[in-house]
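The structure appears right after this line, and notes come after that.
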Amino acid sequence: MNKTILLTGATDGIGLETAKILASQGHTVLLHGRNQAKLADVKEMLINNNTAAMIATYQADLSALSEVATLATTIKRQHSTIDVLINNAGVFKTHNPITETGYDIRFVVNTIAPYLLTQQLLPLMNAQSRIVNLSSAAQAPVNLQAFKGQQTLADSEAYAQSKLAITMWTFYLAKRLGKKAPSVIAINPASFLGSKMVKEAYGSDGKDLSIGADILVKAALAENFAGITGKYFDNDRGHWAEPHPDALDEPKCQSLVTVINETLKNLDIQDTLSQST
């Protein structure tokens, strides 16, 4: 059955490989990217290789949360249903790690942007929908002062903390939504895959990107992932696993979500949903 699937970070790395698989299976694939020209090239390639593919593209810089809100609004205007949301986009190393609003770009792109996008698109989802959040084997306790932009972190610290943070709000949201709602899971797609991000961070070619793409497609569509919510899949191990203990600590997860909501309020980002409070 054809599904409508929104995939962020779809022009490179795991996202691009995932988009290729989903298009080949005939799904309606909504591709997000930061660069309009790259999005157009990916769309053309996917349609040329899959003449029946239904592809739409959406440009937004996820480091600017106002653009994330606009992205969600545009999608809600054009689509009545989202079957799967894959929050894949992420950043590790950048020449300018602090956004114009004074926050670490890793927390903004890897944690806050997918939270905001998810909250705003929940009305388009039902109990059969799935939300797949990209976590990592690198998870470290979140420094809330750094999260608020009041301290600076090294690249690896900020990345690992941002990935634990997205895992924490995954567990929090799953618990708040319950079982008669979209399922929400976090996935480590596998360590040191050969993405541009890994090459820039570690100078390594990395492992085959299809390892990560295959597990994202399974998480999005496979029957053995249906109805599973509030869990963490570690693709390095090939099975469900315990996340960092902080993701299981409800008060810590609540504190993190409170800070995320405060950040959105401080930046005058409107339209967050009642489920986020």
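These values consider heavy atoms only, across backbone and side chains, with no hydrogens, waters or symmetry-generated copies.
Although no hydrogens or angles enter the test, the distance criterion places a donor-acceptor pair under 3.5 Å between the side chain of N35 and the main chain of K38. Looking only at distances, no side-chain donor or acceptor of E67 sits under 3.5 Å from a matching main-chain atom of A64. Between the N126 side chain and the S129 main chain, a donor and an acceptor come within less than 3.5 Å of each other. A donor-acceptor contact shorter than 3.5 Å links the side chain of N110 to the backbone of V91. Distance alone, capped at 3.5 Å, places no donor-acceptor pair between the T51 side chain and the I47 backbone. Put simply, the side chain of H27 never gets that close to the backbone of T4: no donor and acceptor are under 3.5 Å apart. At distances below 3.5 Å, at least one donor-acceptor pair connects side-chain atoms of K163 with backbone N or O atoms of L134. Without hydrogens or angle criteria, T229 side chain to V184 main chain gives a donor-acceptor distance under 3.5 Å. In this structure, T111 contributes its side chain and V108 its backbone to no donor-acceptor pair below 3.5 Å.
Cluster annotation: F171 and L256 are assigned to distinct hydrophobic clusters (Ile/Leu/Val/Met/Phe/Trp/Tyr, side-chain heavy-atom contacts under 4.5 Å, transitive). Linking ILVMFWY residues whenever their side-chain heavy atoms come closer than 4.5 Å, directly or via other members, leaves M45 and M54 in distinct clusters. The cluster map of Ile, Leu, Val, Met, Phe, Trp and Tyr, joined by side-chain heavy atoms under 4.5 Å apart, puts I187 and Y232 in different clusters. Connection of L248 to L177 is not established within any shared hydrophobic cluster, with ILVMFWY side chains joined at heavy-atom distances below 4.5 Å, either directly or through further cluster members.
The environment of CD in Q151 is crowded: more than 12 heavy-atom neighbours from other residues, nucleotides or ligands sit within 6.0 Å. Annotation for Q145: atom CD counts as buried by contact number, over 12 foreign heavy atoms lying within 6.0 Å.
Every residue two or more places apart in sequence or in another chain was checked for a side chain to side chain donor-acceptor pair (under 3.5 Å) with S136, and none qualifies. For A72, the side chain to side chain contact (heavy atoms under 4.5 Å, CB included) partners two or more places apart in sequence, or in a different chain, are L117, Q120, L121.
The CE atom of M168 sits 4.0 Å away from atom SG of C253, with the distance rounded to the nearest 0.5 Å. In this structure, OG in S63 is found 7.0 Å from CZ in R34, a value given to the nearest 0.5 Å. One distance of note links CD1 of I185 with CD1 of I228; it measures 7.5 Å at 0.5 Å rounding. In this structure, CG on L22 lies 5.5 Å from CD1 on I86, to the nearest 0.5 angstrom. Residue K265 holds its NZ atom at 14.0 Å from CD1 of I269, rounded to the nearest 0.5 Å. The OH atom of Y103 lies 8.5 Å from the CD atom of Q150; values are rounded to the nearest 0.5 Å.
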Tell me, with the steps shown, if T263 and L267 meet side chain to side chain contact (heavy atoms under 4.5 Å, CB included).
-> CA-CA 6 Å; T263 301; L267 295 174; 4.0 Å; yes
Evaluate ring pair (Phe, Tyr, Trp, His ring centres under 6.0 Å) for F225 paired with F233, printing each intermediate quantity in order.
-> CA-CA 10 Å; F225 277 81; F233 191 93; 5.4 Å; yes
Step by step, work out the side chain to side chain donor-acceptor pair (under 3.5 Å) result for T94 and N96.
-> CA-CA 5 Å; T94 176; N96 187 6; over 6 Å; no
Begin with the C-alpha distance, continue with both residues' side-chain angles, and end with the deciding distance and a verdict on side chain to side chain contact (heavy atoms under 4.5 Å, CB included) for R106 and Q161.
-> CA-CA 9 Å; R106 276 65 62 108; Q161 291 186 31; over 6 Å; no
Evaluate side chain to side chain contact (heavy atoms under 4.5 Å, CB included) for I105 paired with I98, printing each intermediate quantity in order.
-> CA-CA 6 Å; I105 196 169; I98 305 302; over 6 Å; no
Could you please spell out the steps behind the side chain to side chain contact (heavy atoms under 4.5 Å, CB included) verdict for N235 and I211?
-> CA-CA 8 Å; N235 204 33; I211 297 170; 3.6 Å; yes
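Between T11 and V42, the shortest heavy-atom contact is CA-CG2, 4.0 Å. Residues G90 and V109 come closest through the heavy atom pair CA-CG1, 4.1 Å. When all heavy atoms of S24 and I21 are compared, the closest pair comes out as OG-O, 2.6 Å. Of all non-hydrogen atoms in S80 and L124, the two that sit nearest each other are O-CD2, 3.7 Å. Residues N188 and S191 approach most closely at OD1-N, 4.1 Å, considering heavy atoms. For the pair L31 and L39, the tightest heavy-atom approach, listed with the atom from each and the gap, is O-CD2, 3.7 Å.
Side-chain contact check for Y172 and Q254: at least one donor-acceptor pair (N or O, by modelled atom type) lies under 3.5 Å. Checking T170 against N133 by side-chain atom types alone, a donor-acceptor pair falls below 3.5 Å. Between the side chains of Y115 and N261, a donor-acceptor pair is found at a separation under 3.5 Å. Remark: the Q78 side chain and the Y58 side chain contain an N/O donor-acceptor pair separated by less than 3.5 Å. Defined by atom type and a distance below 3.5 Å, a donor-acceptor pair is missing between the side-chain atoms of T152 and D104.
A 4.5 Å side-chain heavy-atom check between N88 and L216 finds at least one atom pair inside the cut-off. Counting heavy atoms from C-beta on, the side chains of F147 and S162 never come closer than 4.5 Å. For the pair H244 and P141, the minimum side-chain heavy-atom distance is below 4.5 Å. The side-chain heavy atoms of D249 and P251, taken from C-beta on, include a pair separated by under 4.5 Å. Taking 4.5 Å as the limit, every side-chain heavy atom of Q128 sits out of range of all side-chain heavy atoms of D83. Two residues are said to be in side-chain contact when any heavy atoms from C-beta on lie closer than 4.5 Å; R130 and S183 meet this criterion. Looking only at side-chain heavy atoms (C-beta outward), T167 and Q139 come within less than 4.5 Å of each other. Here the side chains of L62 and H32 are in contact, with some heavy-atom distance below 4.5 Å.
By the 30° and 60° cut-offs, the orientation of the rings of F92 relative to Y159 is tilted.
Between D246 and K252, at least one side-chain N (NZ, or NE/NH1/NH2) sits under 4.0 Å from a carboxylate O, which counts as a salt bridge. E262 has no carboxylate O lying under 4.0 Å from a charged side-chain N of K148, or vice versa, which leaves the two without a salt bridge.
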